[in-house]
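Read the structure below first, then the notes.
These numbers were taken from a predicted model, which means no experiment stands behind them.
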Amino acid sequence: MEKVTFDTELGLQNVRLEKEGGRAILTLNRPDNLNALNYQTLCELGEALEAIRYDRSIRAVLLRGEGKGFCVGADLKERKTLTDDQVRRNVHKIRTVCDQLEALPQPTIAVLHGYAFGGGFELALACDFRYAHPETKMGLTEVSLGIIPGAGGTIRLPKLIGKAKAKELIMMAKRIEAREAEQLGLLNGTAENVWELALEAARRLEEMAPLAVIQAKHAIDHGFDVDTQTGMAIENKAYEVLIPTEDRVEALEAFSEKRKPQFKGR
């Protein structure tokens with residue numbers, strides 16, 4: 001399957017954006033810095049996510065890091081040179097990027113290896129699915145640097161593993177390995193060949209009716225923190241969107257004809 005690269009078109013240097021079939025592959029590309037997030041990288045991530053958001057041919061998004069690790073978080077060498085106002089700018093930018101990632105209509109998959117700390121781990125927390133190599137080390141270690149997670153970590157982590165355990169990991173700046181993270185419910189799976197595991201998840205998502213996947217994600221995300229009746233109303237509205245679609249009719253016809261449905265996202 002041919003890969004199409006959008007780096008030059010979007011002016012990307014620290015991020016690589018490729019498209020392969022129905023999936024986008026978004027790669028953090030500062031391997032010499034363990035993919036630390038400087039301001040330029042954050043801006044490029046935002047541009048790449050904006051391009052992905054409006055490309056309806058993309059049915060799944062894989063986020064990974066080049067080199068020896070996924071992402072070690074903020075670029076502390078850059079951070080040391082910044083004024084207080086510039087630090088505020090950077091923190092706002094990574095928070096915005098994590099929110100952009102979480103808000104993508106397409107399902108997102110973080111593929112972790114090596115290290116995933118601080119803002120890098122927050123990027124993973126903003127994804128729908130997370131897979132990791134068994135030796136991956138991860139955590140929100142900002143308190144050991146005199147700060148706290150600033151891109152949604154104090155919100156997203158407790159939702160995934162509960163408040164008490166999240167306080168332990170954040171307030172003690174704990175680093176955990178993938179197997180413990182999987183036991184806590186942070187990961188959807190681990191494997192030595194984690195890229196193939198993540199690709200298999202992406203392939204599975206690509207086989208589903210894309211509009212249905214989008215609406216299922218919307219219903220889950222927006223119905224999670226509301227009362228039952230409001231959640232049911234959100235689910236009902238998401239279902240109503242799908243009733244007049246061609247894909248719903250195609251699924252019924254394929255079932256009747258005992259064949260695999262050919263979904264077109266319409």
Out of curiosity, [X] [atom1] to [Y] [atom2], how far, rounded to the nearest 0.5 Å?
X: Lys167; Y: Leu169; atom1: NZ; atom2: CG; value: 13.0 Å
X: Leu42; Y: Gln100; atom1: CG; atom2: CD; value: 10.5 Å
X: Glu200; Y: Arg204; atom1: CD; atom2: CZ; value: 8.5 Å
X: Thr230; Y: Met232; atom1: OG1; atom2: CE; value: 11.5 Å
X: Cys71; Y: Leu37; atom1: SG; atom2: CG; value: 3.5 Å
X: Ile58; Y: Gln106; atom1: CD1; atom2: CD; value: 6.0 Å

Residues which pass salt bridge (charged side-chain N to carboxylate O under 4.0 Å, His left out) with [X], listed by chain and number, not counting sequence neighbours:
X: Asp225; value: Lys159
X: Asp227; value: none
X: Lys93; value: none
X: Glu257; value: Arg259

Over all heavy atoms of both residues, which pair between [X] and [Y] is shortest? Give the atoms and the distance, please.
X: Gln86; Y: Thr81; value: OE1-O, 4.3 Å
X: Ala36; Y: Thr41; value: O-OG1, 4.2 Å
X: Ala132; Y: Thr136; value: CB-OG1, 3.9 Å
X: Glu122; Y: Gly152; value: OE2-N, 3.3 Å
X: Pro261; Y: Ala251; value: CB-CA, 4.3 Å
X: Ile234; Y: Ala219; value: CG2-CA, 4.0 Å

Side chain to side chain contact (heavy atoms under 4.5 Å, CB included) between Val249 and Leu252, worked out: CA-CA 5 Å; Val249 176; Leu252 293 173; 5.7 Å; no
Just so I know, are the side chains of [X] and [Y] near enough to count as touching, which here means a heavy-atom distance under 4.5 Å?
X: Thr154; Y: Leu140; value: no
X: Pro134; Y: Glu192; value: yes
X: Leu145; Y: Leu76; value: yes
X: Phe263; Y: Leu211; value: no
X: Glu102; Y: Leu125; value: no
X: Asn14; Y: Asn35; value: no
X: Arg64; Y: Ile25; value: yes
X: Thr108; Y: Leu101; value: yes

Item checked: side chain to side chain contact (heavy atoms under 4.5 Å, CB included) assessment of Arg59 paired with Arg23 -> CA-CA 6 Å; Arg59 299 189 179 187; Arg23 73 189 71 105; over 6 Å; no
query: What residues form a ring-ring contact (aromatic ring centres under 6.0 Å, His included) with His222, not counting sequence neighbours?
result: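 So His222 forms a ring-ring contact (aromatic ring centres under 6.0 Å, His included) with His218.
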**OP:** Identify, with sequence neighbours excluded, every residue that meets ring-ring contact (aromatic ring centres under 6.0 Å, His included) alongside His113.
**Re:**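 For His113 there are no ring-ring contact (aromatic ring centres under 6.0 Å, His included) partners, ignoring immediate neighbours.
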query = Would you say the side chains of Asp247 and Thr245 form a donor-acceptor pair under 3.5 Å?
reply =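 No.
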Under a 3.5 Å threshold, yes or no: a donor from one side chain and an acceptor from the other, between Glu250 and Gln262?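 No donor-acceptor contact under 3.5 Å links the two side chains.
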Report task. Check the pair Glu66, Arg16 against salt bridge (Lys or Arg N to Asp or Glu O under 4.0 Å), reporting the backbone distance first and the verdict last. Result -> CA-CA 9 Å; Glu66 189 67 61; Arg16 191 165 66 247; 2.7 Å; yes
**Message:** Please determine whether a side-chain nitrogen of the Lys or Arg among Asp99 and Arg156 lies less than 4.0 Å from a carboxylate oxygen of the Asp or Glu.
**Reply:**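 Salt bridge between Asp99 and Arg156, a charged N being under 4.0 Å from a carboxylate O: yes.
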message: Does Glu135 have more than 12 heavy atoms from other residues, nucleotides or ligands lying within 6.0 Å of its CD?
response: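 No, the 6.0 Å shell around CD holds no more than 12 heavy atoms from other groups.
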Around atom OH of Tyr115, are there more than 12 heavy atoms from other residues, nucleotides or ligands closer than 6.0 Å?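 No, because the 6.0 Å sphere around OH of Tyr115 holds 12 heavy atoms or fewer from other groups.
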Next on the checklist: Show, in sequence, the C-alpha distance, side-chain angles and deciding distance for Asp55 and Ser57, and conclude whether the side-chain hydrogen bond (donor to acceptor under 3.5 Å, both in side chains) test is met.
Outcome noted: CA-CA 5 Å; Asp55 188 340; Ser57 69; 2.5 Å; yes
What pairs with [X] under side chain to side chain contact (heavy atoms under 4.5 Å, CB included), at least two apart in sequence or on another chain?
X: Asn193; value: Trp195, Glu196
X: Leu26; value: Val15, Leu17, Leu45, Ala48, Leu49, Ile52, Leu63
X: Ala216; value: none
X: Pro158; value: Ala166

*Criterion side chain to side chain contact (heavy atoms under 4.5 Å, CB included) on Arg89 and Leu82, from CA distance to verdict*: CA-CA 10 Å; Arg89 174 204 66 185; Leu82 302 181; 4.2 Å; yes
Would you say [Y] ends up clustered with [X] if hydrophobic residues are merged whenever their side chains have heavy atoms under 4.5 Å apart, either directly or through other cluster members?
X: Tyr131; Y: Leu205; result: yes
X: Phe117; Y: Leu123; result: no
X: Leu104; Y: Leu28; result: yes
X: Val72; Y: Ile170; result: no

Donor-acceptor pair, [X] side chain versus [Y] backbone, under 3.5 Å?
X: Thr96; Y: His92; result: yes
X: Arg53; Y: Ala103; result: yes
X: Glu44; Y: Leu12; result: no

What do the steps show when you test Val91 against Arg95 for side chain to side chain contact (heavy atoms under 4.5 Å, CB included), and what is the final call?
CA-CA 6 Å; Val91 173; Arg95 185 181 301 124; 3.4 Å; yes
Ring pair (Phe, Tyr, Trp, His ring centres under 6.0 Å) partners of residues 32-78, not counting sequence neighbours, each pair once
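Qualifying pairs, neighbours excluded: none.
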Can you give each donor-acceptor pair under 3.5 Å made by side-chain atoms of residues 171-188, sequence neighbours left out, with the distance rounded to 0.1 Å?
unit_1, atom_1, unit_2, atom_2, d
Lys174, NZ, Glu168, OE2, 2.6
Glu182, OE1, Thr190, OG1, 3.2
Asn188, OD1, Arg130, N, 2.9

